[in-house]
Amino acid sequence: REVVTTPRPDVRDLPESWDWRYIGGKSAVTAVRSHHVGPTYCGACYAMASTSTFSDRLKIMRGGPS
């Protein structure tokens, strides 16, 4: 079991709000893609959410907004 020995950061040092979609006028996340191709829902939203999350994390890791 891991024991954390460092103190928590002071919450007063955190920004009041944060939005990855707007950092200095640019977005640090990828574009939203539509996966609905018909009148029914097939569950592809789970796959789209997973790949979109990975893509966003990768973009942020590589330097964020572009």
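For the single chain, residues carry numbers from 1 onward in sequence order. These numbers come from a predicted model, not from an experiment.
When all heavy atoms of A28 and I60 are compared, the closest pair comes out as O-CG1, 3.4 Å. For K59 against V29, the heavy-atom pair with the smallest separation is NZ-O, 3.3 Å.
Using a distance-only test at 3.5 Å, with no hydrogens or angles considered, a donor-acceptor pair links the side chain of D56 to the main chain of T30.
Looking at residues two or more places apart in sequence or on another chain, you find no side chain to side chain donor-acceptor pair (under 3.5 Å) involving D13. In this structure, S55 has no side chain to side chain donor-acceptor pair (under 3.5 Å) partners at least two apart in sequence or on a different chain.
Under the 4.5 Å side-chain contact rule for hydrophobic residues, W18 and Y22 do not share a cluster.
Atoms CH2 and CZ, on W20 and R57 in that order, are 10.0 Å from each other to the nearest 0.5 Å.
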